[in-house]
Number of protein chains: 2
Amino acid sequence: MLRWAISDIRSVSAGHATIREGEELSHAIVLLQGFMCRHKDLSEGRRQITEIHIPGDFVDLHGFTLKKLSDSVTTLTSCRIGIVPHERLLRITETHPHLTRLLWFTTNLDAAIHREWVLSLGRRPAIERLAHLFCELHFRLTLVGHAPPETPFPLPLTQADLADCLGLTSVHVNRVLQELRDSGAVEFRKREVTIRDLGALRALAEFDPAYLHPERRPR
Amino acid sequence: MLRWAISDIRSVSAGHATIREGEELSHAIVLLQGFMCRHKDLSEGRRQITEIHIPGDFVDLHGFTLKKLSDSVTTLTSCRIGIVPHERLLRITETHPHLTRLLWFTTNLDAAIHREWVLSLGRRPAIERLAHLFCELHFRLTLVGHAPPETPFPLPLTQADLADCLGLTSVHVNRVLQELRDSGAVEFRKREVTIRDLGALRALAEFDPAYLHPERRPR
DNA sequence: CGTGCCCTTGAGTACAATCAACGTTCGTGG
DNA sequence: CCACGAACGTTGATTGTACTCAAGGGCACG
């Protein structure tokens, strides 16, 4: 059913600004392969990433009702994306209430992730922020089968990207990453995360996956 | 139509935890009068407010698809709230696609506000965060006719509440508030905001109301 | 085998936190 | 009506987390 909604599949290269803030949208994008991020930019090069997208995510489904985004979407790696015309989404809302609620659910999930990030940025110190981000991505990747348990999983972000997720500088991320490595909880090297002690990592981050609503996911 | 969805109207006193994290929901709440906030809590009393709700807001519409919230909702003042059973929302999604998209839109608006907060918390210094929050609330209150232009408008938060919105301590909020007052842009006293120079305030905050999508609001 | 991107380290600084005390306002009950 | 207590706001002194600036190293890719 959702497969039917995809009108086209495309490849996009890494570092490509797929959607720019303020653009008028006529279709939505499902990420099929690769990593993307949503971000907002301020003067003087200040940049804040608002979400990391992994395969399976709709990256701009909220654009179906908003029509214009107030943030941008950029590829972190080369990606394969599915194009879903708003017109087909409109038809789904007219004829498939259940599917509509499912789509609505996925945007609400994004919002729940945003709120967790607000909490991190507002109230967690740098080391907990990093730990929490690793927990979140590990959990989400596991849900879609992209993080084999107990092995390193790919996370194609630079330390500067991590800094833009966490409201830090890359210099500080570098130091905190070393702290995490020394603590034995988790390592991040060459765009790969190796979790050494998941329990310790989650405890440090006060990570509770409930906000990701794994029990209500389709498929 | 939305009026019909409300099964009951209730009064709630100030400081009342209306919804607690993890509760199973069977109805949604529209705020008719008063102020509420959504927040998440961490160990050792750390608290982060994730959104301020004003009259007209659905405070937990995302709970319709998520069923369990990962945050709590608390009244800031005494409030009048409308109860909207999920069962009626379900019926709306089955029979009124347009209205469904409208409800979906409002939850996407919440997410857009969350993203702006992520940006503030991650990349704006304290004074800009405060300025931006005042801009946001002024703009939203104006949209629903609760902030007469050019006069003080009520904002029933303590400095500690502001701190919990902005990821600061109340001590620091106090100092930054004085700075803002001295700058001539805005004053906050006795739970009232007086904007002295809206242009300067918005410039300081780099406030662009586009993310609030005023053009797509119903009513 | 350079050139650019990313990571690492060091030294000095600043913004915001903590700790602590005191002031103000307001509601309540004696 | 005044006395008291609680909640909120203000101020000062000190500390610490994270930033800035700066320089150097590793590595991949052309």
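A, B, ... follow the sequence lines: proteins, then strands. Residue 1 opens every chain.
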If I take atom [atom1] in residue [X] and atom [atom2] in nucleotide [N], what distance separates them, rounded to the nearest angstrom?
{"X": "A:Lys190", "N": "C:dC5", "atom1": "NZ", "atom2": "C1'", "value": "14 Å"}
{"X": "B:Arg181", "N": "D:dG9", "atom1": "CZ", "atom2": "C1'", "value": "10 Å"}
{"X": "B:Gln159", "N": "D:dT11", "atom1": "CD", "atom2": "P", "value": "10 Å"}
{"X": "A:Asp182", "N": "C:dT9", "atom1": "CG", "atom2": "P", "value": "10 Å"}
{"X": "B:Glu44", "N": "C:dA17", "atom1": "CD", "atom2": "C1'", "value": "14 Å"}
{"X": "B:Glu179", "N": "C:dC15", "atom1": "CD", "atom2": "C1'", "value": "11 Å"}
{"X": "A:Glu187", "N": "C:dT8", "atom1": "CD", "atom2": "P", "value": "11 Å"}
{"X": "A:Glu192", "N": "C:dC6", "atom1": "CD", "atom2": "P", "value": "18 Å"}

- Task: Assess whether one donor atom and one acceptor atom, taken from the side chain of B:Arg175 and the base of D:dG12, lie less than 3.5 Å apart.
- Result: yes

- Report the relative orientation of the aromatic rings in B:His114 and A:His114; use parallel for angles under 30°, tilted for 30 to 60°, perpendicular for over 60°. perpendicular

- Of the nucleotides C:dT8, D:dT11, C:dT9, which has the atom closest to the B:Asn174 side chain? D:dT11

- Query: To the side chain of A:Gln178, which of D:dA13, C:dT9, D:dT10 is closest?
  - Reply: C:dT9

Touch check for [X], heavy atoms < 4.0 angstrom, all strands: base, sugar-phosphate only, or nothing?
{"X": "B:Gly167", "value": "sugar-phosphate"}
{"X": "B:Thr169", "value": "base"}
{"X": "A:Arg191", "value": "sugar-phosphate"}

- Could you verify whether a donor N or O on one side chain and an acceptor N or O on the other, from A:Trp117 and A:Glu136, lie under 3.5 Å apart? yes

- Any chance you could measure B:Asn108, atom CG, to A:Phe64, atom CZ, to the nearest 0.5 Å? 10.0 Å

- Item | Residue whose closest nucleotide on DNA chain D lies nearer the 5' end, A:Ile127 versus B:Ala160 | B:Ala160

- Note on the structure: Between A:Ala126 and B:Val171, the residue closer to the 5' end of DNA chain D by nearest nucleotide is B:Val171

- Note on the structure: The salt bridge (Lys or Arg N to Asp or Glu O under 4.0 Å) partner of A:Arg38 among A:Asp164, A:Asp60, A:Asp110 is A:Asp110

- Note on the structure: Between A:Arg123 and A:Phe188, whichever has its closest DNA chain C nucleotide further toward 5' is A:Phe188

- Query: Out of A:Phe207, A:Phe153, A:Phe188, which one pairs with A:His138 under the ring pair (Phe, Tyr, Trp, His ring centres under 6.0 Å) rule?
  - Reply: A:Phe153

